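Working notes, structure below.
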Amino acid sequence: MTWMRQHLMPVLTVVAAIIALWYAGAVALNAPWAYDQAKRADRDLSFSALVAETWSQDKPKLPAPHQVVAEIWKTSGDMVLRGKAFSKRSLVFHGWITLSATMLGFILGTGFGILLAIGIVHNRAMDMSVMPWVIASQTIPILAIAPMVVVVMNSIGFAGLVPKSIISMYLSFFPVVVGMTKGLRSPDAMEMDQMRTWNAGAWKTLISLRLPSSMPYLFTSLKVAIAASLVGAIVGELPINQDGGLGARMLVGSYYGQTIQIWSALLTAAALAACLVGLVGLVQGITLRRMGMAR
Amino acid sequence: MIWVVATILFWLVAWWINLKLSHRPRTRLTSFLVPGLFGITLLILWEGMVRGFAINPVLLPAPSAIGLAFATSLPVLWVDFVQTFVKGALSGYAIGCSAAFLIAIAVDRSPFLQRGLLPVGNFVAALPIIGMAPILVMWFGFDWQSKSAVVVVMVFFPMLVNTVQGLQASDHMQRDLMQTYAASYPQALMKLRLPAAMPFVFNGLKICTTLALIGAIVAEFFGSPIKGMGFRISTEVGRLALDMVWAEIAVAALAGSAFYGCVAVIEKAVTFWHPSQRRG
Amino acid sequence: MSDAVIKAEALSLTFQTNDGPVHALKDINLEIGKGEFVSFIGPSGCGKTTFLRCVAALETPTAGSLTVNGLSPDDARRARAYGYVFQAAGLYPWRTIGGNIRLPLEIMGYSRAEQAARVKQVLDLVDLAGFEKKFPWQLSGGMQQRASIARALAFDADILLMDEPFGALDEIVRDHLNEQLLALWAKTEKTIGFVTHSIPEAVYLSTRIVVMSPRPGRIADIITSTLPRERPLDIRDTPEFLAIAHRVREGLRAGHAYDD
């Protein structure tokens with residue numbers, strides 16, 4: 001009960017406020033066109049008619065939430081029911097393409113990130129030479145060159161999943177390196193000395209002390225990494241749209257002024273991000289509880 | 001072949017020097033020299049491989065070719081820089097960050113709203129907000145205003161979340177102390193909560209520097225006038241003039257690091273008292 | 001005693017928690033006169049800190065009456081009747097020592113000249129002259145706590161409330177600060193309420209010792225000290241001192257008898 005009052009109610013209030021703002025924005029932004037239409041048809045527009053009109057246009061400047069939800073249902077759940085889940089017009093199809101690129105990039109990036117962090121922690125030369133560049137690279141807008149990577153890789157014959165995954169990998173790689181380096185170094189001097197008194201080597205120390213104590217850090221960076229990975233995959237889909245994917249849906253939508261389509265792709269991407277981050281959070285909760293670290 | 005051998009030789013020598021250097025006690029010089037040498041090694045490795053294996057410049061131009069393109073097209077790069085960074089990214093950064101800061105202070109007196117805004121803000125900050133770019137380009141036109149708008153949306157939530165958290169950062173004892181002084185709300189805000197929030201605020205500001213540049217560049221892929229870094233990258237990629245693309249990337253990298261560096265320097269001056277800043 | 005500075009009558013405070021009500025204070029009757037040094041001692045959970053927080057209007061009692069200088073605690077707080085010293089120094093890391101001591105003066109609207117004069121005066125009082133421009137994190141724990149006492153002394157409050165101010169410090173520093181606190185009290189003639197869980201500290205410092213017991217938090221014994229006002233550190237070896245300490249210990253044990 002307290003949990004509901006303390007957390008659920010405030011969140012619901014804020015979400016409700018956002019949706020209300022959205023509807024109001026739809027009225028404000030779509031009103032000019034509605035007035036224009038009414039003037040051409042030579043009829044008066046009462047306020048209620050105006051509201052109804054602005055919430056049901058075909059190509060509104062800002063589609064109302066229910067229009068977007070209807071579009072999402074039409075292109076996902078409805079198509080699944082009709083057995084056309086993987087048709088080219090289905091969001092399930094496009095979402096799946098984006099998701100597979102995201103996951104491939106995320107797994108590769110996390111793997112490389114963990115390995116590099118282990119190297120940095122154990123090798124002083126590597127720490128001193130690589131770490132400053134890892135941090136500096138955070139300040140560089142890598143995402144902005146994503147389309148270039150895709151185009152160039154396409155021109156040498158790597159098409160489809162791989163180029164996008166490389167961008168995703170790149171984006172998910174950095175948070176993992178930084179978080180894991182911090183995590184592997186988190187055991188304090190006392191714990192490290194304890195290992196030394198047992199004459200544990202670097203490998204034993206890594207397995208039985210450093211890795212377990214780095215878990216909370218790892219999961220925190222994994223959440224950032226998977227969200228970044230999804231963003232990378234979507235941006236990677238922008239330049240080449242025949243392969244499909246949520247990013248391609250957005251671009252095609254923007255070519256043809258299909259605002260409802262853009263918003264539905266956007267909301268699907270948001271839902272996907274929420275699911276992925278939530279999933280990592282779930283695994284985090286279970287793992288940390290098993291390890292007795294849950295707070 | 002000579003190129004490849006020479007490069008690998010240089011790499012080995014540089015690695016050996018770095019190993020030696022890093023085992024000496026850490027000084028200001030070595031902590032600058034070691035990563036510097038590593039960076040130079042990467043560049044030379046790149047150059048040597050491109051020359052040695054005669055890699056097609058369409059695929060990967062050598063650093064020297066990029067440097068040449070950079071030097072010969074400075075005026076174009078400058079125009080692009082002004083359009084994308086100064087007009088698009090900076091204006092959006094300023095508007096977005098200050099709006100988020102002010103709203104965080106506005107909801108400060110309502111714990112209810114804070115408890116609602118924090119999870120929602122954290123959630124939105126993890127979303128692919130960049131996808132808003134095509135919509136905002138439709139709304140605000142092709143010029144820098146739409147880029148600025150994209151940047152505003154991108155930086156708003158990370159900044160909001162950090163500021164709200166920062167304003168909660170002062171501990172109970174310090175708040176009780178303010179109570180015993182019968183301090184008014186504005187006094188407690190100005191003298192305690194805002195200074196205590198500064199490390200969080202600057203954390204948000206630093207995250208947002210990169211986001212701002214990304215937002216401004218990516219938004220140009222959805223339409224822009226015939227200038228701007230994103231515009232140049234996408235058109236030069238189309239013409240397969242990769243040296244120019246890399247020159248733009250170099251500009252973006254320089255601008256991004258300099259922007260971040262500026263914020264970090266201000267942070268150091270403002271939050272000198274924070275444990276993370278006390279030692280050099 | 002008509003000149004009671006702090007006066008509690010049948011004071012009670014009950015917290016509502018998920019595990020049912022907790023009686024933090026029950027039926028507290030106490031009068032503290034002007035210029036007294038009263039210590040509150042007892043095991044954790046006996047309500048000694050809660051009582052001090054009630055006096056400071058940081059908690060609101062649920063029953064009974066409490067007056068400070070004849071006013072309600074909250075009005076007294078608004079009138080800036082007391083300085084409060086917490087267990088940790090709680091100095092702001094972004095302000096210098098001088099800046100920290102100036103903080104309450106800025107809030108209370110003292111003039112700049114007055115601020116400077118007072119900062120200098122209290123820094124001398126706690127033996128920290130010359131450290132005005134240092135930052136708190138450049139000082140030792142004992143010095144930080146002295147600075148926080150100086151901060152509580154800087155404005156004209158004739159009541160000083162101290163909540164285990166020396167609890168986090170080591171024995172040697174604590175002895176030194178106890179001695180200094182007595183000297184300070186003699187010089188300033190303030191009324192002091194002092195929470196501690198150290199028997200020697202309570203006996204050494206106080207004119208009266210309030211022994212409290214937990215669940216519900218109430219007063220088990222009030223002991224009036226027979227020690228002279230002038231107290232060198234070695235007074236702690238005299239039979240008189242040991243006798244008072246013994247009585248305090250008895251009071252604490254009695255409070256615990258039916259507890260566990």
Side-chain angles (χ1 to χ4, degrees), chain B residues 101 104-105 108-109 111-112 115 162-163 165-206 263-280, chain C residues 49-50 52-60 68 71 73-97 99-110 134-138 148 151-152 154-155 157 159-165 168 193:
Chain B
F101 185 76
I105 289 181
D108 182 51
R109 294 187 91 157
F112 181 81
R115 274 201 301 273
N162 272 288
T163 314
Q165 272 175 342
L167 286 171
Q168 297 172 349
S170 56
D171 61 32
H172 269 290
M173 204 185 68
Q174 289 175 328
R175 291 186 200 198
D176 282 349
L177 191 67
M178 278 294 167
Q179 271 247 288
T180 67
Y181 297 155
S184 65
Y185 171 78
Q187 278 176 330
L189 185 68
M190 291 306 294
K191 304 232 184 252
L192 168 62
R193 320 259 316 281
L194 274 183
M198 279 305 142
F200 290 81
V201 170
F202 273 96
N203 187 36
L205 286 175
K206 283 198 294 193
V263 177
V265 166
I266 301 173
E267 177 188 28
K268 215 176 172 66
V270 174
T271 64
F272 63 92
W273 48 270
H274 195 257
S276 67
Q277 302 281 353
R278 278 180 213 162
R279 279 184 310 124
Chain C
T49 295
T50 311
L52 213 63
R53 289 176 64 88
C54 284
V55 175
L58 294 170
E59 308 280 358
T60 315
V68 179
L71 303 167
D74 205 48
D75 288 337
R77 176 176 74 88
R78 279 178 224 285
R80 279 125 184 183
Y82 52 82
Y84 201 103
V85 180
F86 292 87
Q87 179 166 16
L91 300 166
Y92 294 3
W94 55 86
R95 283 173 168 254
T96 58
I97 295 297
N100 268 290
I101 297 173
R102 211 175 301 118
L103 176 73
L105 303 175
E106 285 173 14
I107 289 175
M108 296 171 191
Y110 285 79
K134 291 272 189 222
F135 283 95
W137 29 275
Q138 296 169 320
S148 102
R151 181 175 58 181
F155 51 99
I159 305 171
L160 194 55
L161 302 173
M162 308 177 89
D163 180 11
E164 294 187 36

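Remember, predicted model here, so these are calculated numbers, not experimental data. Protein chains get the first letters and strands the later ones, always in sequence-line order, with residue 1 at the start of each.
Aromatic ring orientation, B:Phe272 versus C:Trp137: tilted (interplanar angle from 30° to 60°).
With sequence neighbours excluded, the residues forming a side-chain hydrogen bond (donor to acceptor under 3.5 Å, both in side chains) with C:Glu106 are B:Lys191, C:Arg95, listed by chain and number. In this structure B:Ala182 satisfies the side-chain contact (heavy atoms from CB on, under 4.5 Å) test together with C:Arg77, C:Arg80, sequence neighbours excluded. Evaluation of the side-chain hydrogen bond (donor to acceptor under 3.5 Å, both in side chains) rule for C:Asn100 yields no partner, not counting sequence neighbours.
For residues 192-204 of chain B, heavy-atom neighbours of chain C at less than 4.5 Å comprise B:Leu192, B:Pro195, B:Ala196, sorted by residue number.
The contact between B:Met178 and chain C is made entirely by side chain atoms (from C-beta outward), counting heavy-atom distances below 4.5 Å. The parts of C:Tyr84 that come within reach of chain B are both its backbone and its side chain, each placing non-hydrogen atoms under 4.5 angstrom from that chain. For C:Ala88, the parts lying under 4.5 angstrom from a heavy atom of chain B are both the backbone and the side chain. Contact of B:Gln187 with chain C is made through the side chain alone, with heavy-atom distances under 4.5 Å.
Interatomic distance, B:Leu177 CG to C:Leu103 CG, rounded to the nearest 0.5 Å: 7.0 Å. Rounded to the nearest 0.5 angstrom, C:Phe86 CZ and B:Asp176 CG are separated by 4.5 Å.
Heavy-atom pairs under 4.5 Å with chain B peak, among C:Ile107, C:Leu91, C:Asp74, at C:Ile107.
Atom CE of B:Met190 sits in a sparse spot, with 12 or fewer heavy atoms from other residues, nucleotides or ligands closer than 6.0 Å.
Side-chain contact between C:Phe155 and B:Tyr181 is present, with at least one heavy-atom pair separated by less than 4.5 Å.
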